[in-house]
Amino acid sequence: MFRQPKTAVFSRGIQANGPVFPARRPDKGKRTPWLFQTRDKPSIFSLLKEYRYICEKYIINLNTYQMKINRLACLFMLSMLLPAAGNAQQRQEMLLEKGWKFTREDNKGFSQSQWDDKKWQNVTVPHDWAIYGPFSIENDKQHTAIAQDGQTAAMEHAGRTGGLPFVGVGWYRTTFSTPQMTKGGKCILLFDGAMSHARVYVNGKEAGYWPYGYNAFQIDATPYLNADGKNVLAVRLENETESSRWYPGAGLYRNVRVIVTGDAYVPVWGTHLTTPVVKKEYAKVCLATSLEMPEGKKLTDYTIVTELKDADGKVVAQGKQQGTTFTGKQFEQEFIIEHPSLWTPDTPALYTAESKIYEGETLKDTYTTRFGVRSVEIIAGKGFFLNGEPLKFRGVCNHHDLGPLGGVSNEAGIRRQIRMLKDMGCNAIRTSHNMPSNELIAACDEMGMMVMAESFDEWKSAKVENGYHKVFDEWVERDLTNLLRHFRNNPSIVMWCIGNEVPDQWNGNRGPKLTRMLQDICHREDPTRPVTQGMDVPDAVVNNNMAAVLDVPGFNYRPHKYLENYKKLPQEIILGSETASTLSSRGVYKFPVERRSMAKYDDHQASSYDVEHCSWSNLPEDDFIQHDDLPYCIGEFVWTGFDYLGEPTPYYSDWPSHSSLFGIIDLAGLPKDRYYLYRSHWNKNAETLHILPHWNWEGREGEVTPVFVYTNYPSAELFINGKSQGKRTKDLSVTIENSADSASMASLKRQKRYRLMWMDTKYEPGTVKVVAYDKNGKAVAEKEIHTAGKPHHIELVADRSTIKADGKDLSFVTVKVVDKDGNLCPHADNQISFRVKGKGTYRAGANGDPTSLESFQTPRMKVFNGMMTAIVQSTEEAGTITLEATAKGLKKQTLTITTEQEK
Ligand code: GAL
């Protein structure tokens, strides 16, 4: 049995000790108020502010002079109330990055302070022990039937989790210093994620355990600290066999930090900030700040002073409040920000709430909460609204791995992904199927990317033998609560996702009950965001009410069921929580060009004509058309933005296949053709004009070789060696209804609404040119591709040519083999060797070939269809890095990258 949430939720709308959750309003057009006031005991300051606001805006028509006086009066009163500060022991935070020792051996003694670890490997955390390989079919064989994929008998799966050695035990050890602790002071170890079954030892004693590898968790190290402040930290991690459906990574792959505080302090994730009123003219901000106090103390002994600052550091609101007896261990403040800058994907404006806690005149703690001002609403029958504006999700699902960097949460790698996705017109990421990293959410906040933060791939029923179901009963509430508290102040997160295709959905009433329990935990911890989950058996979840329980019913695949489910469900909206699963390999094209399901080829690749999918999935247009034409469809999350390690579907048992073919962008971070299809549809602000396939079809002369153009323009004319092949126009007469039959599917009818296709063109070497026309028939853009000559030289292009000299920043260099005129050689497979000189090192490389067993870290790799990515990392010294790329028979190339100290 699951445990009830500690704050029991008795029924929707009534919650003990917590905010009132609104009843769902199924009536069309009515707003479900995701934003509402949590509590209403305004402080003197908020009253003052509101009074001033009302005066200024509505009652007294003050002239500018009077307003200035009014403001000065407020500031004066505030300054009179501020205590004169003295200091107690202050919060100190320290990242534990360098100086770790690591081993794959296992011995109880490793936890002991005195253990001699000198011979262990030196590593820096974050660290993924498995990404260094080597790849082997033996690393992760699974003998199983994947029920979700329709397999009925067990079979041998190779490479399902990436073919990398993540299974087994690993130990990490390091030392950390603590200051002289004050009585009642705390020392917390905060792990952003440790893969998995982390057992944490401080000075030889077990201080805590956390099984779920994707979650952040804290360990109280205070009782185990040494008086001299010198402490030994040891962490044992263990990954079981058959514990994952994809590459999970291994080790301390996210940050570890030490937090030391005095005796009265804001605990980890101890603030909850909401913006219950968001208008152009003003926003109301509610900040609840928890305080841990020594025994015998009460909140009334403390005072909180908070300043809200905008991105330039300008104070936009402030308030001071003495603790009251009503609110337990929590301060509750309210503020008004006038004319706030609203957070949107296009304008990701951020604010900070900087709070200081005083006991009398002594400063006890300082805590900063970053936030954005924005509202999130779901309106029955109408959809999703951000700041009152309707918005459809143009989203992608992503796994956490960063291809050749593995599970390591690297800021540069994450930000590069977001930049590419934004350029494609993508506005949201689903963190499938687990808790995201700090770095991802911070980047989404700053760069303007909405997030649907997910938690689990399994509940009580198993998908894999040693999956989350084994710990579900004992840990699910703690895991979900940590996710919610960790990220509930982050504006980029707009929805919580409590599960993915959990097999419990099949199971009579267990699915709906668990759904209700988990959703209630979300509402208890965060009443401001809707909750969804990805369900892939639409009939079962509609019949057993599981879909009806959710704030937002999310369906994985089966878009043809949207209309039917919409009619049956009370919410009057539908989310495509996981869509498409189209298959393709960058630069690979298969003939004849026809729509195919689960197609397999000798080379273990899929066609980049973008006409292949799985038995349960479809092509991008099968989703576009739903979200374009059905107003209640609130958008989609495509499986996947980037290729990932593991799940080489449909090559289940076809080693050396070991990474996915689903990505719009490949494992090396290089866009496939599909990128331009999504860009042509999603990015309304930029021109897209992309021709495929490449034009090097030696041996196919005279044979039918279709040409597709992905463009945001409505029509275009194609020329091969100057001869017109005719004009094509996007066919807007195609509807959901008239394109749903199998003949329409086979004839790519839906595609004709979104792509321009010349199906009968014949190959002859030379030039393919496209001329695009706008809606008035005016020629507005053109593009050419050419048959490439022999491989001649290497081309290197860095995504960022100046990076930080911090020992962590990365430059991603696109490597191309080109002919003498700079045309990509699309069949080239030259092996390139790299040398890095100066203030950097070679970090990793990848070529996007799902069958490549080459080591990511060796500075040598074959290009796949002419391309790969080489990743260069800075040292801590500023200067220049030179990357030299050489290959037999090719002119070598060098590239210079500058590194700078952070200002
Ligand atoms: C879904 C599942 C994903 C992935 C995908 C491949 O059913 O949620 O994790 O396996 O299929 O198409």
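Start at 1 and go down the list; that is how both ligands and their atoms are numbered. Numbering of residues begins at 1 and proceeds along the displayed sequence. Keep in mind the model is a prediction, meaning the values are calculated, not measured.
- Taking all atoms of both residues into account, the shortest heavy-atom contact from Y644 to T640 is CE2-CG2, 3.6 Å.
- Considering only non-hydrogen protein atoms, atom 6 (C) of ligand 1 sits nearest to F662 CZ, 3.4 Å.
- Contact annotation: W246 has no heavy atom less than 4.0 Å from any atom of ligand 1.
- Relative ring orientation between Y214 and Y212 is described as perpendicular, the plane-to-plane angle rising above 60° on a 0-90° scale split at 30° and 60°.
- Interatomic distance, Q519 CD to T532 OG1, rounded to the nearest 0.5 Å: 9.0 Å.
- The side-chain heavy atoms of I146 and R245, taken from C-beta on, include no pair separated by under 4.5 Å.
- Within ligand 1, the atoms closer than 4.0 Å to a non-hydrogen atom of W616 are 11 (O), 12 (O), numbered from 1 in the order shown.
- At a 4.0 Å heavy-atom cut-off, ligand 1 touches N500 through the side chain alone.
- Of all protein heavy atoms, the one closest to atom 9 (O) of ligand 1 is H433 NE2, 2.6 Å.
- Within the 4.0 Å heavy-atom criterion, the part of E501 lying near ligand 1 is the side chain and not the backbone.
- The shortest N/O to N/O separation between R245 and ligand 1 falls below 3.5 Å.
- Within the cation-pi definition used here (under 6.0 Å to the ring centroid, within 45° of the axis), K590 qualifies as a partner of Y601.
- With respect to atom 12 (O) of ligand 1, the closest heavy atom belonging to the protein is S581 OG, 2.7 Å.
- The aromatic rings of F135 and H658 sit tilted relative to each other, their planes meeting at an angle between 30° and 60°.
- Using bins of under 30°, 30° to 60° and over 60° for the plane-to-plane angle, the ring pair Y754/H681 lands in the perpendicular bin.
- For E647, the heavy-atom gap to ligand 1 drops under 4.0 angstrom.
- Nearest protein heavy-atom neighbour of atom 3 (C) of ligand 1: E578 OE2, 3.2 Å.
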